[in-house]
Amino acid sequence: MKIKFTLIALLFLLSNITVANDPAYVNAMQKQLQAMGNAENAAEFQSVANGFSRISQMNQDEWLPDYYAALAYTNAGFILRGYPEEQDKNFDIAVKTIQDCINRNGENAELIALKGYAMMGQLSVDPQTRGQQLSGLVMQTFGRALKLEPENPRAMSLMAQMQLGMSQFFGEGPEKACGIAKQSLEYFGKEEAQETDNPLLPRWGKESAQAVLKSCK
Amino acid sequence: MKTLTTLTIIILFPFCLLGQTILKGKVTDKNNEALPGVNIFIEGTYEGTSSSKNGEFQFETELTGSHQLAFQSVGFKKELHTITLEGNEIVINTSLKEAIDQMKAVTITAGGMEASDVKKAVVLKPIDIVTTPSAIGDIVGAFQTLPGTSNVGNDGRLFVRGGDASETAIFIDGLKVNNAFGTTANNVPSRTRFSPNMFKGSFFSTGGYSAEYGQALSSALVLNSIDMPVRSQADISLMSLGGGLSQTLVGKRNSISANANFFDLGPYQNLINQNFDWERAPHSWDASILGRQQWGNSGMLKAFFQTESSGMEIWQAEPGELGRGDLIKINNNYNVGQLSFKQIKNEEWSFTGGLSYTLNTDQFDLGGLKVEQKTQLFHAKGVAIRDFSDAFSTKIGVETFWNKYDEALLDENQSRGFEDPQANAFVESDYYISNDLILRGGLRAGYSNLINEQWIDPRASLSYKFQHEGQISLAYGKFSQLAESKYRVVNNSIGNTEATHYILNYFIHKNSRTFRAEAFHKDYDNLLTFDGADMNLSNISLNGFGKASGFDVFYRDRKSIKNTDFWISYSFVDSKRKFAHYESEVQPSFAPKHNASLVVKHFVSSLNSQFGGSFSVNDGFAYTNPNFEGEQNQRTKSFQSLSLSWSYLPKPNLIIHFACNNVLGRENQFGFDYANQANEQGIFASSPVGQAAPRFLFLGVFLTLSTDKNANQLNNL
């Protein structure tokens with residue numbers, strides 16, 4: 001049993017090493033991550049998404065390129081507020097990209113949380129008609145991400161955002177959302193304290209949790 | 001280490017210079033419009049870029065030799081260009097071919113109205129079906145606010161474009177259900193048996209519909225049940241008319257919902273004065289269970305069973321005679337069971353199908369005459385869909401129906417019945433010439449064992465989308481329908497009644513506004529004619545004919561007024577037919593010429609409330625007054641009804657819904673009943689056919705219990 005565990009640990013380590021050992025992949029990813037950090041409009045996010053999907057085509061067994069491509073589309077979708085058809089297009093591609101990636105590489109908490117985020121975008125395009133059907137689904141999706149990884153800060157912070165929106169819709173106070181946001185900040189803290197071998201793993205999302213907390217005063 | 005790097009760079013530098021190739025150009029679509037955001041890259045490498053706002057691109061690569069340059073963008077076909085990289089500048093200008101994307105491509109809108117959350121070209125969302133004030137939770141009530149329908153208030157069923165209610169067939173998950181409306185007495189309106197929260201969407205066709213559906217002269221209403229509920233929950237409803245309980249359990253790949261309801265209008269009718277003379281108010285209970293199991297990536301098996309029992313007793317007076325008249329007693333038992341499956345195998349093949357069985361038993365006591373009628377329908381269906389390419393697909397299906405009908409006069413020990421197995425097959429192909437133009441052609445063949453006759457109905461439609469997003473559709477179809485069982489049991493040899501539809505439709509959906517206009521012409525042939533009245537029919541034959549033509553318009557707007565959603569529809573129908581007992585071509589009583597409705601919903605978030613209003617109007621129903629010459633020689637005054645509703649959500653899992661139909665208490669009339677014989681003055685006495693009560697009030701409290709506190713029963717309203 002112990003040997004098996006060591007073996008798995010070793011394999012896990014090895015897989016990280018292989019990633020780190022493919023500098024072309026890491027460089028390409030870092031270049032796009034930097035571009036995403038600087039992206040300000042939908043066109044720039046589109047071009048970042050294109051960059052990540054180029055990397056994805058070369059690394060079909062990595063989930064991160066698709067993850068970031070979908071994140072770029074989701075960000076573009078939110079930026080395009082006021083153009084519902086364009087918004088839908090971007091959110092739809094985001095959801096499809098994540099789904100294709102899950103079908104290929106299996107699911108993990110980050111992918112599921114991001115899928116929930118993109119669905120939250122779809123909901124935001126037309127909350128009056130989509131709310132009934134989607135609000136439950138979105139919460140359920142964040143719940144699933146947290147089942148896979150109970151301390152995932154992004155799943156938690158997105159859930160806080162969603163909860164805040166729903167409380168506002170029903171004219172309730174923000175207390176529930178604040179509790180979730182506080183919890184997520186705790187997880188963000190833990191995440192920051194953790195060392196990681198893979199510099200490409202998702203680390204975003206703290207600001208939106210802080211934004212939710214602002215409405216608590 | 002650092003020296004090594006420097007050294008490498010120095011050594012490699014000349015080669016780099018040699019291999020530096022600049023790739024540039026411009027990407028456009030077929031209309032020569034610049035395409036921004038296209039992913040342009042060298043296949044099998046990380047190297048590439050995106051096209052700019054004006055479709056231009058440029059990047060440098062150090063690669064050499066022969067490569068493939070790829071152009072990729074959502075909505076377009078991926079394009080590959082072979083290039084040889086040898087340090088020269090390469091200019092590639094290209095225009096991408098659009099990919100056929102059936103979610104975005106033109107759809108056939110002639111004759112059809114969809115309620116769906118998924119597709120864009122929809123007229124209604126599923127939620128509208130339950131929040132339309134005049135509907136009070138009845139699926140069909142919501143469709144009666146759509147163009148092409150007439151509001152026949154003393155019947156309650158769907159009357160489409162000059163057709164009677166039997167000309168509309170109802171399907172659940174593609175399988176036909178008989179007796180979808182509750183059994184009722186003459187002039188007492190009926191409701192659909194099925195709960196609206198069972199369905200995720202529906203397709204309502206007012207003509208020219210797909211070859212997949214048959215045995216309906218005017219209209220097909222296709223209801224699709226929810227695939228997977230989102231959560232486990234229990235729902236409790238308390239209404240002024242009864243109550244219900246439902247429980248849904250959701251597993252990883254399966255779910256089960258059980259539902260039981262009880263209704264009794266008695267206490268309500270004791271409280272609020274009724275126009276009808278009830279001996280026993282309508283009462284019913286029903287129970288249903290729906291199980292779902294997923295398999296593989298996209299397989300789904302559903303099993304559905306519903307059982308229902310209802311009854312009523314009503315006095316119906318003879319016109320011109322004193323007293324309460326005849327006591328009509330009705331007992332109804334209804335059972336439906338369905339097993340359906342669908343499997344989207346891969347890109348190429350999909351399969352759907354299932355089995356359905358409906359058993360309806362009615363026991364009537366018509367002033368002492370005891371009649372029992374038993375209808376059975378078995379339906380088996382299998383459909384295969386093959387996508388030959390993204391532009392061409394074909395649907396092939398086989399179906400068999402088994403109809404059995406028995407009726408008996410219980411006291412006289414007389415009975416009669418018939419049995420009719422039928423076979424049907426259909427084939428239909430969709431061909432996208434481009435994203436803007438689609439052709440559909442289909443054939444439906446049928447065979448009835450009882451009449452030993454076969455028939456073939458062709459169907460065709462075409463749709464074209466303009467640059468401005470609007471689209472125009474044409475549809476043509478021939479439709480065959482065997483007569484209703486109560487006629488076939490008298491004369492076993494009568495065959496199909498027939499209709500031919502021609503439809504021209506314009507549809508545009510843009511910025512949360514939808515506009516739809518449709519013109520139609522319908523020819524009827526071989527319509528059923530007979531002499532005598534219901535229990536004493538003779539000379540049943542197919543000597544009738546007729547036509548209906550007209551147009552309708554629909555406008556829906558969710559944008560112009562803040563937090564307000566409204567739709568308005570107007571239908572004009574000019575229908576003349578020789579049918580039933582009429583001796584000449586007449587305007588049927590169920591086909592008023594001018595029909596209009598307006599539905600408004602306004603959400604006030606500070607009150608956690610949705611307010612709704614709907615108004616329906618027509619120019620009156622034609623009827624025959626035997627005191628004058630001719631048939632259908634008079635018309636009632638205009639039908640008008642205003643309904644208001646208020647839904648209040650004090651907590652996310654609690655809804656209080658209040659609705660009032662015909663708020664203004666207008667005395668609508670649907671026609672007149674006349675005495676069979678003239679009185680001493682030579683006049684046929686009459687009594688108006690009116691509404692059950694001036695108004696109808698509804699109050700309901702809906703509570704949802706779930707671990708997810710935001711769940712509610714919005715779908716139950």
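Just so we're on the same page: letters track the sequence lines, and every chain starts at 1. Everything numeric in this text was worked out from a predicted model, so none of it was measured.
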Visitor: State whether the side chain of Arg54(A) and the backbone N or O of Gly48(B) hold a donor-acceptor pair below 3.5 Å, judged by distance alone.
Guide: yes
Visitor: Sort Asp126(A) into side chain, backbone, both or neither according to what part of it lies under 4.5 angstrom from a heavy atom of chain B.
Guide: side chain
Visitor: Under 6.0 Å from the CH2 atom of Trp646(B), do we count more than 12 heavy atoms belonging to anything else shown?
Guide: no
Visitor: Contact part of Ile93(A) toward chain B, heavy-atom cut-off under 4.5 Å: side chain, backbone, both or neither?
Guide: side chain
Visitor: Which atoms of Ile40(B) come close to chain A, meaning under 4.5 Å heavy atom to heavy atom: side chain ones, backbone ones, both, or neither?
Guide: backbone
Visitor: Please report the interatomic distance CZ(Arg231(B)) to CG(Leu137(A)), rounded to the nearest 0.5 Å.
Guide: 8.0 Å
Visitor: Would one find more than 12 heavy atoms of other residues, nucleotides or ligands at under 6.0 Å from atom CD of Gln68(B)?
Guide: yes
Visitor: Heavy-atom distance under 4.5 Å between the side chains of Phe41(B) and Gln57(A), does that happen here?
Guide: yes
Visitor: So which residues of residues 69-78 of chain B are in contact with chain A at a heavy-atom cut-off of under 4.5 Å?
Guide: Gln72(B), Val74(B), Lys78(B)
Visitor: What part of Thr45(B) gets within 4.5 angstrom of chain A, counting heavy atoms only: side chain, backbone, both, or neither?
Guide: backbone
Visitor: Could you look at Phe603(B) and say if it's the side chain, the backbone, both or neither that has a heavy atom under 4.5 Å from chain A?
Guide: side chain
Visitor: Please flag which part of Ala28(A) lies under 4.5 Å from any non-hydrogen atom of chain B: side chain, backbone, both or neither.
Guide: side chain
Visitor: Report the C-alpha distance between Phe52(A) and Asn39(B) in whole Å, list the side-chain angles of each, state the deciding distance to 0.1 Å, and finish with yes or no for side-chain contact (heavy atoms from CB on, under 4.5 Å).
Guide: CA-CA 10 Å; Phe52(A) 281 117; Asn39(B) 204 354; over 6 Å; no
Visitor: Near Phe566(B) CZ, under 6.0 Å, is it more than 12 heavy atoms from other residues, nucleotides or ligands?
Guide: yes
Visitor: At what distance, to the nearest 0.5 angstrom, does CD of Glu47(B) lie from CE of Met58(A)?
Guide: 9.5 Å
Visitor: Can you check whether Ser50(B)'s main-chain N or O pairs, donor with acceptor, with Asn50(A)'s side chain at less than 3.5 Å?
Guide: no
Visitor: Checking heavy atoms, do the side chain of Asn103(A), its backbone, both or neither come under 4.5 Å from chain B?
Guide: neither
